[in-house]
A.B. asks: 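Below you'll find the structure I mean.
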Number of protein chains: 2
Amino acid sequence: MGTQLLNEQTCYERLRNWIIDGTLQPNERLIELELTARLGVGRATIRTVLARLEQEGLVVREPNRGARVRFVSHEEALEILEARTAIESLLARFAAMRAQPADVAQMRDLLEQMRACIEHGDLVSYSTLNTALHRAIAEAARHRTAARLLETLGSQSVRYQYRTILAPGRPATSLTEHSAVVEAIAAHDPDAAEQAMRAHLSGVCEALRRLRQGL
Amino acid sequence: MGTQLLNEQTCYERLRNWIIDGTLQPNERLIELELTARLGVGRATIRTVLARLEQEGLVVREPNRGARVRFVSHEEALEILEARTAIESLLARFAAMRAQPADVAQMRDLLEQMRACIEHGDLVSYSTLNTALHRAIAEAARHRTAARLLETLGSQSVRYQYRTILAPGRPATSLTEHSAVVEAIAAHDPDAAEQAMRAHLSGVCEALRRLRQGL
DNA sequence: GTTAACAATCTTGTAGACAAAATTGTTGAG
DNA sequence: CTCAACAATTTTGTCTACAAGATTGTTAAC
């Protein structure tokens, strides 16, 4: 067990990762003393970290009743995706305006890797590359405010990220949608980039909605 | 001085308000012991509150160097406004889809009051009503996720909110833009509502950019 | 007059302790 | 057997104290 000496920041990142990767499951109670033992820090530190995570939307705290991992329902996941659509469209637009050649090269590289993943049927790696591409676009946009919003939104909905990819035929269409976004950015066409990103995420939305029906 | 007994939540709200209303100025250092005296709570409480405010973007904390009120530059104010445009367009769209008659009635009431304010030249009240209207639209949209994002974005940029209104002729055009948004919502026309809101906030963006030139 | 080293002060980071509240478990009456 | 009241335990909320780091002010050398 990791009983290292940690400062607040690393402690925050650890706990955050545990929530994101599912080590700590939704609705699971986060008992301060327990985390104290697991992370090797005092309760005061745990407390501030939990407060930060609450503000970030990963944790829910109720007065005198402690903290728990926030459970994100299907409805909320959809809301988050809708909000992401708005933000990522903005980012795509700005990426088209401000992307450097190096940015575009990286995006194309990622796209190529994604293509390979689909050929080999490696959907897990595909999903990882997918988030990497979205991150690359966000960076190319050089828009800190929007990027920060996207970061928090993304962390809240990771639980649902893998599911949409599993829909039949979804990976292939996903790839062509991504290509369209990248090409619009490469062509420095803001309107096209925004539109392509919106179309792509609408597709994901639709896939998630359909999954919900089938459940 | 308010040396009441406060719990964490009220303490958080107080400090937040002090930052938003300018009692605590940008870049001002927030010394824990001092806040302890002002708010009548222990340092641990102050500490968690500062952590929350940092996550919200109102405060900056550096390790071993304490916290200070975050200074939002003109560039950042513009970024925030751009992000707001994306989120509020989404909210306008959903408001058009989900607004109840009562929601629309409230919006029209607010619009009427705004019109009166402009006639009397009361720009301060106009600004207050302005935020009230935007809040009403957000509520009518019934989209918690987007509303939450907007809330945090708004609190970060209040400092720049009054300035755009002061541009010559801006209040009048602002009012007609708002009318267009409300009417589109009342007509349950999502596309028109989104477009009208986007047009409105682009106008504000433009006004802010022009102000920046004149400075 | 300027700069460097050192000391004093201030501020933050963290741990430990205690009281208040909530939860859980137990007992006894119906 | 079920339910309510009560006691024990757990957990949170807060404060105080101390150590570590940063800042400021002073002195002395050049």
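Bear in mind the structure is a predicted one, so any value in this text is a computation, not a measurement. We name chains A, B, ... by the order of the sequence lines, and we start the count at 1 in each one.
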A.B. asks: If I take atom CG in residue A/Asn7 and atom C1' in nucleotide C/dA15, what distance separates them, rounded to the nearest angstrom?
C.D. replies: 16 Å

A.B. asks: Please list, pair by pair, any protein nitrogen or oxygen found under 3.5 Å from a nitrogen or oxygen in nucleotides 21-24 of chain C.
C.D. replies:
unit_1 : atom_1 : unit_2  : atom_2 : d
C/dT23 : OP1    : A/Arg65 : NE     : 3.2
C/dT23 : OP1    : A/Arg65 : NH2    : 2.7

A.B. asks: Answer with base, sugar-phosphate or nothing: what part of the nucleic acid does B/Leu30 contact at a heavy-atom distance below 4.0 Å?
C.D. replies: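 Sugar-phosphate only.
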
A.B. asks: Which residue pairs pass the ring pair (Phe, Tyr, Trp, His ring centres under 6.0 Å) test with at least one member in residues 27-54 of chain B, sequence neighbours excluded?
C.D. replies: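 The answer is none; no pair qualifies.
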
A.B. asks: Please state how far atom CD1 in B/Ile46 lies from atom P in D/dG13, giving the value in whole angstrom units.
C.D. replies: 16 Å

A.B. asks: Quickly work out the B/Ile31 CD1 to D/dA22 P distance and round it to whole Å.
C.D. replies: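 So the CD1-P distance, B/Ile31 to D/dA22, works out to 16 Å.
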
A.B. asks: Identify, with sequence neighbours excluded, every residue that meets ring-ring contact (aromatic ring centres under 6.0 Å, His included) alongside A/Tyr160.
C.D. replies: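 For A/Tyr160 the ring-ring contact (aromatic ring centres under 6.0 Å, His included) partners, ignoring immediate neighbours, are A/His74.
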
A.B. asks: What residues, two or more places apart in sequence or in another chain, satisfy side chain to side chain contact (heavy atoms under 4.5 Å, CB included) together with B/Arg98?
C.D. replies: B/Phe94, B/Arg142, B/His143

A.B. asks: Report each atom pair, protein N/O against N/O of nucleotides 6-10 of chain C, whose distance is under 3.5 angstrom.
C.D. replies:
none

A.B. asks: Measure across B/Ala184 and B/Ala96 and return the closest heavy-atom pair with its distance rounded to 0.1 Å.
C.D. replies: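 Answer, listing the atom of B/Ala184 first, then B/Ala96: O-CB, 4.3 Å.
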
A.B. asks: Holding to side-chain hydrogen bond (donor to acceptor under 3.5 Å, both in side chains), I want the full list of residues that pass it with B/Arg84, two or more places apart in sequence or in another chain.
C.D. replies: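 Listed in chain order: B/Glu88.
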
A.B. asks: Provide the full list of salt bridge (Lys or Arg N to Asp or Glu O under 4.0 Å) pairs with a residue in residues 125-140 of chain B, sequence neighbours left out, each pair given once.
C.D. replies: B/Arg135-B/Glu151

A.B. asks: Mind telling me whether A/His178 and A/His200 have parallel, tilted or perpendicular rings, with 30° and 60° as the class edges?
C.D. replies: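 If you compare the ring of A/His200 with that of A/His178, the planes turn out tilted.
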
A.B. asks: Taking the side chain of B/Arg43 as its heavy atoms from C-beta onward, which of C/dT14, D/dC15, D/dG13 lies nearest to it?
C.D. replies: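 Nearest nucleotide to the side chain: C/dT14.
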
A.B. asks: Taking only the side-chain heavy atoms of A/Glu32 (C-beta and beyond), determine which of C/dT11, D/dG13, D/dT14 contains the nearest atom.
C.D. replies: D/dG13

A.B. asks: Please state how far atom CG in A/Leu33 lies from atom P in D/dG13, giving the value in whole angstrom units.
C.D. replies: 14 Å

A.B. asks: Using side-chain hydrogen bond (donor to acceptor under 3.5 Å, both in side chains) as the criterion, list what pairs up with B/Thr145, not counting sequence neighbours.
C.D. replies: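 Only A/Glu79 meet the side-chain hydrogen bond (donor to acceptor under 3.5 Å, both in side chains) criterion with B/Thr145.
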
A.B. asks: Can you tell me the distance, in whole Å, between the CG atom of A/Leu50 and the P atom of D/dT14?
C.D. replies: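 Rounding to the nearest Å, CG of A/Leu50 and P of D/dT14 are 14 Å apart.
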
A.B. asks: Going by the rule salt bridge (charged side-chain N to carboxylate O under 4.0 Å, His left out), which residues pair with A/Arg170 if we only count those two or more places apart in sequence or in a different chain?
C.D. replies: A/Glu177

A.B. asks: Send over the distance from A/Glu34 CD to D/dT12 P, rounded to a whole Å.
C.D. replies: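 Distance, rounded to whole Å: 10 Å.
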
A.B. asks: Can you check the A/Glu8 CD to C/dA15 P distance for me, whole Å?
C.D. replies: 12 Å

